[in-house]
Amino acid sequence: MSDGVRNLLVSRIKDVADYPKPGVMFKDITPLLADPEAFAALTGALVELAGRYGATKIVGLEARGFILAAPVAVQAGIGFVPVRKAGKLPGATLAQSYELEYGTAEIEVHAEDLSAGDRVMVIDDVLATGGTAEASLSLIRRAGAEVAGVAVLMELSFLPGRAKLAPSLAGAPLDALIVV
């Protein structure tokens with residue numbers, strides 16, 4: 001990705017102080033999504049990574065990951081598979097729980113949407129603590145598919161997401177378009 005594209009993306013991300021609680025600097029990507037040039041540049045950068053990874057399916061993580069992943073899948077001409085919070089998908093699912101800062105959560109994928117031979121790229125908006133991404137990699141492998149790589153719009157370098165995710169990647173690439 002060029003410096004021009006990176007600068008465009010960064011310029012469209014708005015800092016919101018003290019959201020969702022005092023002391024937190026929230027990175028709001030909605031201005032980026034509202035700008036067709038920036039959203040297209042982001043999609044193009046992720047499509048390029050999908051090609052480099054040799055992805056045959058794209059997994060988007062609920063909820064903002066859906067927004068980023070779906071247009072990538074369409075442009076790349078490959079399938080999109082949502083990974084959702086528990087209880088949101090009908091039919092047979094695979095579930096994976098993971099640790100949160102205060103408790104646990106669970107995500108699910110339709111069991112039949114991934115299979116042996118699939119090379120799956122995971123897309124999300126932010127890599128923070130790495131829990132959701134790590135759980136998604138487990139789901140992908142339990143479905144019999146291969147992890148092709150993980151791509152995020154933004155990595156929060158002051159949180160341990162990359163280090164936590166490294167063992168689960170098992171050599172697959174992790175790309176952050178922006179590191180803050």
Side-chain angles (χ1 to χ4, degrees), residues 1 6 9 27 42-86 88-89 92-180:
M1 181 175 70
R6 184 171 285 106
L9 299 179
K27 300 291 188 179
L42 169 58
T43 301
L46 293 170
V47 167
E48 181 182 313
L49 287 174
R52 191 178 322 151
Y53 293 175
T56 61
K57 293 253 175 90
I58 301 288
V59 155
L61 303 182
E62 188 163 333
R64 289 180 299 266
F66 296 172
I67 298 166
L68 305 185
V72 172
V74 169
Q75 271 195 18
I78 58 181
F80 168 74
V81 178
V83 168
R84 303 223 45 203
K85 294 175 184 170
K88 300 289 185 180
L89 292 171
T93 61
L94 294 174
Q96 182 68 44
S97 58
Y98 61 99
E99 297 292 320
L100 295 170
E101 188 176 358
Y102 300 105
T104 61
E106 190 173 55
I107 56 174
E108 296 179 331
V109 67
H110 273 136
E112 72 273 6
D113 288 347
L114 298 172
S115 58
D118 286 332
R119 288 186 45 79
V120 182
M121 175 181 180
V122 176
I123 295 178
D124 204 4
D125 64 328
V126 174
L127 176 62
T129 62
T132 309
E134 182 181 44
S136 74
L137 300 183
S138 178
L139 281 178
I140 291 164
R141 291 188 177 109
R142 285 177 48 215
E146 179 184 348
V147 174
V150 175
V152 295
L153 167 58
M154 203 174 358
E155 178 181 353
L156 305 180
S157 63
F158 54 89
L159 292 173
R162 184 172 287 269
K164 179 180 176 89
L165 202 52
S168 297
L169 286 165
L174 166 60
D175 285 288
L177 301 182
I178 299 167
V179 177
V180 296

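Proximity of Met121 to Ile78: side-chain heavy atoms (C-beta onward) are nowhere separated by under 4.5 Å.
For the atom pair Met1 CE and Arg6 CZ, the distance stands at 3.5 Å (nearest 0.5 Å). Note that the CZ atom of Arg84 and the NE2 atom of His110 stand 9.5 Å from one another [nearest 0.5 Å]. We find the NZ-CG distance between Lys27 and Leu156 to be 8.0 Å, quoted to the nearest 0.5 Å. Residue Thr132 holds its OG1 atom at 12.0 Å from CD of Glu99, rounded to the nearest 0.5 Å. How far CD1 of Ile140 is from CG of Leu94: 11.0 Å, rounded to the nearest 0.5 Å. Rounding to the nearest 0.5 angstrom, the gap separating the CD1 atom in Ile123 from the CG atom in Asp125 is 11.5 Å.
Across all their heavy atoms, Arg162 and Glu155 have their closest contact at NH2-OE1, 2.8 Å. When every heavy atom of Leu114 is checked against every heavy atom of Ala145, the shortest pair comes out as CB-CB, 4.3 Å. Nearest heavy atoms, Ile107 versus Ser136: CD1-N, 3.6 Å. The two residues Ala55 and Ala148 come nearest to each other via the heavy atoms CA-CB, 4.4 Å. Taking both residues in full, the closest heavy atoms of Ala151 and Leu49 are given as CB-CD1, 3.9 Å, listed atom of the first, atom of the second, then distance. Contact between Ala50 and Ile58 at its shortest, heavy atoms only, is CB-CD1, 4.2 Å.
Across Val147, Asp113, Val83, a single residue satisfies side chain to side chain contact (heavy atoms under 4.5 Å, CB included) together with Val59, and that is Val83.
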From CA spacing to verdict: side-chain contact (heavy atoms from CB on, under 4.5 Å), Leu137, Val150: CA-CA 9 Å; Leu137 300 183; Val150 175; 3.8 Å; yes
Verdict with reasoning, Arg64 to Leu153, per side-chain contact (heavy atoms from CB on, under 4.5 Å): CA-CA 10 Å; Arg64 289 180 299 266; Leu153 167 58; over 6 Å; no
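Taking the charged nitrogens against the carboxylate oxygens, Glu146 and Arg119 do have a contact shorter than 4.0 Å, which makes a salt bridge.
A side-chain donor-acceptor contact under 3.5 Å links Arg142 to the backbone of Ala95. Of the possible donor and acceptor atoms, none in the side chain of Lys164 sits under 3.5 Å from a partner among the backbone N and O of Leu159. Gln96 places no side-chain N or O within 3.5 Å of a backbone atom of Leu139 that could act as its donor or acceptor partner.
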Do any side-chain atoms of residues 168-180 form donor-acceptor pairs under 3.5 angstrom with protein atoms, and if so which ones, sequence neighbours left out?
residue : atom : partner : partner atom : Å
Ser168  : OG   : Glu134  : OE2          : 3.2
Asp175  : OD2  : Tyr53   : OH           : 2.6

